[in-house]
Structure formats: structure tokens, C-alpha cells
Amino acid sequence: MKILGIGNALLDVLLRLESDATLAQMSMKKGAMDLIGEAQMRTIHQAQKGLKRDEAPGGSVCNTMRALARLGAEVGYVGKIGSDETGAYYERAVREAGVTPYFVHAEGISGCSTVLISPDGERTMATFLGPAATLSAAEIADPTLSAYDCVYIEGYLISNEALFLPILQRVDKLGLKVALDLSNFNIVNGFRDLLQEVVPRYVRILFSNESEAEAYTGLPAGEAVRKISEQVDISVVTVGEKGALVGSGGEVIAVPASGGNPVDTTGAGDHFAAGFLYGQSVNASLEQSAQVGALLAGHVIETVGPQIPGNRWEPIKLKIKENIIR
């Protein structure tokens with residue numbers, strides 16, 4: 001199964017907070033994702049310039065595609081970037097990770113997601129979308145879509161009317177599988193009616209975390225995963241340190257979490273999705289796929305940033321081969 005990701009191409013700027021008081025000062029809700037303008041982005045960076053800072057190409061789907069490529073999957077990525085050095089760096093990094101890039105270019109600066117990391121590892125995001133918000137379905141060619149078997153989309157795109165529903169309709173017409181991540185509970189709360197309309201009609205695999213699943217169904221995670229599996233082929237609900245639940249065909253599988261103490265939870269859900277989709281791409285069982293997802297999520301939370309360090313990938317692949325997917 002070849003997988004094409006479509007998402008917001010954003011540079012991740014990671015800032016480690018000394019305390020959560022900073023969030024209160026900026027009127028930001030811990031664990032949430034808020035959209036901001038360019039001026040506010042620059043203000044945050046200026047105010048926090050004394051903090052330790054890391055940068056990496058990010059955006060939820062990009063993180064997932066890069067991890068899939070590391071595992072050896074055949075993947076591509078569609079996004080929209082600016083004409084600045086940030087955009088050029090972003091495209092180079094995607095290509096060097098083994099992902100086939102399909103970038104749309106626009107004049108101006110590229111998008112940026114500022115990730116504020118609390119002392120307990122929880123992340124709060126302030127996102128300047130830039131040109132990423134203007135990507136349209138018309139800018140994605142049918143031959144690009146048709147070169148893949150599955151299209152993976154992030155829920156953040158639902159606010160883009162020129163992209164979200166039109167691309168779902170085209171992917172469905174082409175006979176491809178759709179995997180969707182709900183992305184954030186604020187997204188679910190703001191677009192619940194539309195999601196409840198399009199998910200049963202177009203989505204085959206739905207990823208969510210506990211709060212997103214509860215926001216979507218109004219049910220606790222254990223019941224939500226079963227309810228969602230009545231609408232899609234496979235429902236995946238991650239439940240933090242308790243692991244994940246996978247629902248399909250009336251059955252629910254529980255898989256424990258992997259890894260040690262979290263340093264930074266940025267990218268945990270993205271890597272779980274990567275591991276799960278990799279398992280499905282090589283015809284692994286649902287349980288095996290979820291175990292690979294838990295393994296990757298366990299590794300990424302042990303480091304700062306949304307990517308697993310390069311020296312960890314060979315041991316990860318060996319463990320998958322010897323202990324999970326034989």
C-alpha cells in the first residue's frame with residue numbers, strides 16, 4: 001500500500017517552558033492548538049527568545065510521512081510552502097527523508113507552528129499557517145493521487161473549504177482509501193456536524209486521541225472506539241499512557257503503550273499513525289499494526305521534537321522484524 005499525505009507544511013519551532021505560567025500570560029489553553037497571525041508569531045518568539053529552541057520540518061502529516069519513509073514505506077507528501085529559505089529547507093528535509101515531495105509554491109513566508117513544551121512534556125501549539133492555508137484541491141493533480149493506494153489527511157485541513165471536501169470527493173471517485181486524523185479536539189468541536197457527515201461516507205481509517213474521540217461521539221474512549229467503528233472500517237483511538245484501542249467489525253483490541261518517561265509528547269500521535277499505517281501497508285494484523293504504532297510513539301516522546309533521532313531507526317526496524325511483524 002503506497003500512501004500519500006496531504007497536510008499543512010509548517011516549520012516546527014520548539015520552545016521548552018520553565019513553567020506553565022507562560023501559557024497563562026499569553027492566554028493560551030494548555031494542550032490546545034490556536035491559529036495565530038504572523039505578528040503574534042513574531043511576538044511569541046521575541047518574548048521567549050531566552051528559552052532553548054529547536055527547529056524541524058513539521059506539520060502532523062509530514063511527521064507521519066517521514067516516519068513511514070524511515071520504515072521503508074513508499075510515501076509522498078503534498079503541501080504548500082513559501083518562497084523563503086524556510087520553504088527551501090522544508091522541501092530539502094522532506095526529500096532527504098525519503099518522501100516524494102509534491103509541493104505547491106507561493107510568494108511570501110512559509111507557515112510555522114510554535115510548540116510550547118510544558119515541564120511535564122505536554123505541548124501547546126500556536127500555529128501561523130501562511131500559504132499552507134491556501135492549498136486547494138485544484139492544485140493537486142489526479143495523476144499524483146492515482147500513484148498511491150491510500151491518502152492520509154489531517155483534520156486541521158477541514159477549515160480549508162477549497163481543499164477538504166473536494167479532495168475527499170476526488171479520492172473517493174478514484175477508488176482510493178482515505179485515512180483521516182481528527183488532529184485536535186477544538187477542530188472536532190468546531191466542525192462536528194461536517195465530520196459526522198463526511199466520515200461515514202469517505203473515511204476508511206479514522207485516527208483520534210481520547211479527547212477527540214469523546215468530542216466526536218459524546219462517549220468515553222472505550223465506547224467511542226466501538227461507535228466510530230460502525231462508521232469506518234478501522235477506528236484507532238490513542239489513550240496516552242494506557243496505549244491505544246482499535247475497533248473494527250464489532251471487535252475492540254487494546255494495545256499497551258511503549259516507552260519510558262515522556263520528555264516531549266510532540267509527534268506522538270503522528271508516529272502512532274505512521275506505525276499503524278506501516279503495519280497495514282505490509283498486511284500486518286490490526287494488533288501488530290497498533291504495536292508498531294505504540295513502539296514509534298514510545299520512542300518519539302523520549303526526545304524533544306516531532307522526529308525520532310536517526311540513530312534509533314535501525315534498532316526500531318530490527319525490533320519490528322524480530323518481535324512484531326515476523
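Residue indices begin at 1 and follow the sequence shown. Please read these numbers as outputs of a predicted model, since none were measured by experiment.
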| message | Pair I167, L145 - check side-chain contact (heavy atoms from CB on, under 4.5 Å), show working. | response | CA-CA 10 Å; I167 207 67; L145 297 171; 4.0 Å; yes
| Taking only residues two or more places apart in sequence, or in another chain, which ones meet D20 in a side chain to side chain contact (heavy atoms under 4.5 Å, CB included)? | L23, K30, S118, P119
| message | Tell me every residue that passes side chain to side chain donor-acceptor pair (under 3.5 Å) with T114, counting only those two or more places apart in sequence or in another chain. | response | H45
Flag, side chain of [X] to backbone of [Y], donor-acceptor distance under 3.5 Å:
X    : Y    : result
R66  : V94  : no
S183 : D181 : yes
D34  : A126 : no
Q196 : D193 : no
N184 : Y156 : no
W313 : I308 : yes
Q288 : I324 : yes
R192 : A215 : yes
S248 : I234 : no
S136 : A162 : no

Are [X] and [Y] close enough for a salt bridge, meaning some N to O gap below 4.0 Å?
X    : Y    : result
E96  : R92  : no
E302 : R312 : yes
E314 : K317 : yes

Are [X] and [Y] packed together at the side-chain level, in the sense that at least one heavy-atom pair is separated by less than 4.5 angstrom?
X    : Y    : value
N63  : D12  : yes
Q169 : Y202 : yes
C112 : L10  : no
L4   : T144 : yes
V115 : L15  : no
K177 : D149 : no
L163 : I140 : yes
V300 : Q307 : no

Which pair of non-hydrogen atoms, one from [X] and one from [Y], has the smallest distance, and what is that distance?
X    : Y    : value
A244 : F272 : CB-CZ, 3.4 Å
I320 : L71  : CD1-CD2, 3.7 Å
A69  : V75  : CB-CG2, 3.9 Å
I3   : Y152 : CG2-CB, 4.2 Å
T64  : D270 : OG1-O, 2.9 Å
A290 : V246 : CB-CG2, 3.9 Å

Are [Y] and [X] linked, directly or through intermediate hydrophobic residues, by side-chain heavy-atom contacts shorter than 4.5 Å (ILVMFWY only)?
X    : Y    : result
L35  : F185 : no
L157 : V178 : yes
I253 : F207 : yes
V188 : L219 : no
L296 : L245 : no

Between [atom1] on residue [X] and [atom2] on residue [Y], distance to nearest 0.5 Å:
X    : Y    : atom1 : atom2 : result
L176 : R170 : CG    : CZ    : 10.5 Å
L168 : K173 : CG    : NZ    : 15.0 Å
F164 : I6   : CZ    : CD1   : 10.5 Å
I205 : I228 : CD1   : CD1   : 13.5 Å
N189 : E212 : CG    : CD    : 10.0 Å

| query | Given the side-chain rings of Y90 and F103, with only the six-membered ring counted for Trp, is the space between their centroids under 6.0 Å? | reply | yes
| field | Polar contact flag, side-chain donor to acceptor under 3.5 angstrom, E154-S60 | value | no
| said: Checking K29 against T124: is there a side-chain donor and acceptor pair closer than 3.5 Å? | reply: no
Could you check whether atom [atom1] of [X] has more than 12 heavy atoms from other residues, nucleotides or ligands sitting under 6.0 Å from it?
X    : atom1 : result
E161 : CD    : no
E38  : CD    : yes
K319 : NZ    : no

| message | For R201 and E197: C-alpha separation, side-chain torsions, deciding distance, then whether salt bridge (charged side-chain N to carboxylate O under 4.0 Å, His left out) applies. | response | CA-CA 7 Å; R201 184 169 181 178; E197 176 184 341; 5.3 Å; no
| field | Intermediate values then yes/no, side-chain contact (heavy atoms from CB on, under 4.5 Å), L295 and H299 | value | CA-CA 6 Å; L295 177 65; H299 274 274; 3.8 Å; yes
| field | From CA spacing to verdict: side-chain contact (heavy atoms from CB on, under 4.5 Å), V199, L206 | value | CA-CA 8 Å; V199 167; L206 187 71; 4.2 Å; yes
| Contact list for residues 230-239, test side-chain hydrogen bond (donor to acceptor under 3.5 Å, both in side chains), sequence neighbours left out | R204-D233, Y216-Q231
| message | Set out, in order, the CA-CA distance, both residues' side-chain angles and the distance that settles side-chain contact (heavy atoms from CB on, under 4.5 Å) for T127 and L129, then state yes or no. | response | CA-CA 6 Å; T127 301; L129 291 174; 3.7 Å; yes
